Amino acid sequence: NFIGFYSQLINLKSVLDTHEFGSKAFSFLEKNTLSSVYYTEASFLANSKALTLKGAADVSETLVGQMNVFDKAPELLSVSLDQMNFDPRGGSVSFSATLTFNPDYFLKHSRI
């Protein structure tokens, strides 16, 4: 049992040594988010490299601009706007979007 556990730890270490999710994901969002957009939730599916974001934009035009920024990002394979809700009282727009990263984006040696 001990040898099996040790082997699993070594395998996990080798996977973690070649991947860096946190710094790259946050750096990507910081670099590619418009100032009038903010995020309230995020979830990541490692096997599909898909990051689902929930957030809000000040107006619908800002959300369109944000989707355009994501669409042009070379780090991403695809972008989809899953949901959009307009708040008529304040004019803000809440949304849910899924960003699918290139398969090797989170590898430590990736230069994308």
Side-chain angles (χ1 to χ4, degrees):
N1 285 339
F2 177 75
I3 292 172
F5 177 71
Y6 180 75
S7 175
Q8 289 176 345
L9 284 178
I10 295 300
N11 289 337
L12 179 61
K13 181 182 180 330
S14 69
V15 168
L16 293 176
D17 283 346
T18 60
H19 290 77
E20 53 182 337
F21 169 73
S23 63
K24 280 196 166 187
F26 293 123
S27 175
F28 172 83
L29 290 175
E30 183 178 19
K31 181 176 78 170
N32 292 288
T33 299
L34 299 178
S35 62
S36 297
V37 173
Y38 66 91
Y39 306 111
T40 57
E41 287 183 43
S43 63
F44 183 71
L45 293 174
N47 60 343
S48 62
K49 307 290 188 275
L51 177 64
T52 300
L53 298 170
K54 291 184 180 181
D58 59 347
V59 293
S60 58
E61 290 82 5
T62 301
L63 179 56
V64 170
Q66 181 61 65
M67 293 299 108
N68 189 39
V69 169
F70 285 152
D71 194 45
K72 291 179 180 180
E75 299 90 344
L76 300 177
L77 283 178
S78 66
V79 179
S80 67
L81 181 60
D82 304 323
Q83 186 177 14
M84 179 176 125
N85 296 309
F86 179 71
D87 179 3
R89 294 171 287 156
S92 64
V93 178
S94 61
F95 68 91
S96 173
T98 301
L99 315 178
T100 304
F101 287 87
N102 288 310
D104 61 346
Y105 177 68
F106 293 109
L107 295 178
K108 284 191 176 181
H109 304 293
S110 174
R111 299 214 186 265
I112 295 179

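Note that the structure is predicted; figures quoted are calculated from it, not measured.
- The CG atom of L53 lies 7.5 Å from the OG1 atom of T33; values are rounded to the nearest 0.5 Å.
- In this structure S78 satisfies the side chain to side chain contact (heavy atoms under 4.5 Å, CB included) test together with T100, sequence neighbours excluded.
- A continuous path of hydrophobic side-chain contacts links M84 to L34 [ILVMFWY only; heavy atoms under 4.5 Å].
- Atoms CG and CZ, on L99 and F44 in that order, are 10.5 Å from each other to the nearest 0.5 Å.
- Distance alone, capped at 3.5 Å, is enough to place a donor-acceptor pair between the N102 side chain and the P74 backbone.
- Atom CZ of F86 is surrounded by more than 12 heavy atoms from other residues, nucleotides or ligands within 6.0 Å.
- Rounded to the nearest 0.5 angstrom, E41 CD and S96 OG are separated by 8.5 Å.
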Item to complete: Would you check, one step at a time, whether the test side-chain contact (heavy atoms from CB on, under 4.5 Å) holds for K31 with E75?
Response: CA-CA 12 Å; K31 181 176 78 170; E75 299 90 344; 2.9 Å; yes
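- One hydrophobic cluster holds both Y105 and V69 under the rule that ILVMFWY side chains link at heavy-atom gaps under 4.5 Å.
- Across every non-hydrogen atom of V93 and V59, the tightest pair is CG2-C, 3.8 Å.
- Under the 4.5 Å side-chain contact rule for hydrophobic residues, L81 and F101 share a cluster.
- Counting all heavy atoms, side chain and backbone alike, V37 lies closest to A57 at CG2-CB, 4.0 Å.
- Aromatic ring orientation, F70 versus F28: parallel (interplanar angle below 30°, classes split at 30° and 60°).
- Residue pairs meeting the salt bridge (Lys or Arg N to Asp or Glu O under 4.0 Å) criterion with at least one member in residues 86-101, sequence neighbours excluded, are D87-R89.
- Closest approach of A42 and L51 over heavy atoms only: CB-CD1, 4.2 Å.
- Annotation: the span from F95 atom CZ to M67 atom CE amounts to 5.0 Å, rounded to 0.5 Å.
- Listed by first then second residue, pairs satisfying side-chain hydrogen bond (donor to acceptor under 3.5 Å, both in side chains) with a partner in residues 57-66 read S36-D58, D58-T62, not counting sequence neighbours.
- The two residues P103 and L77 have their closest heavy-atom pair at CD-CD1, 3.9 Å.
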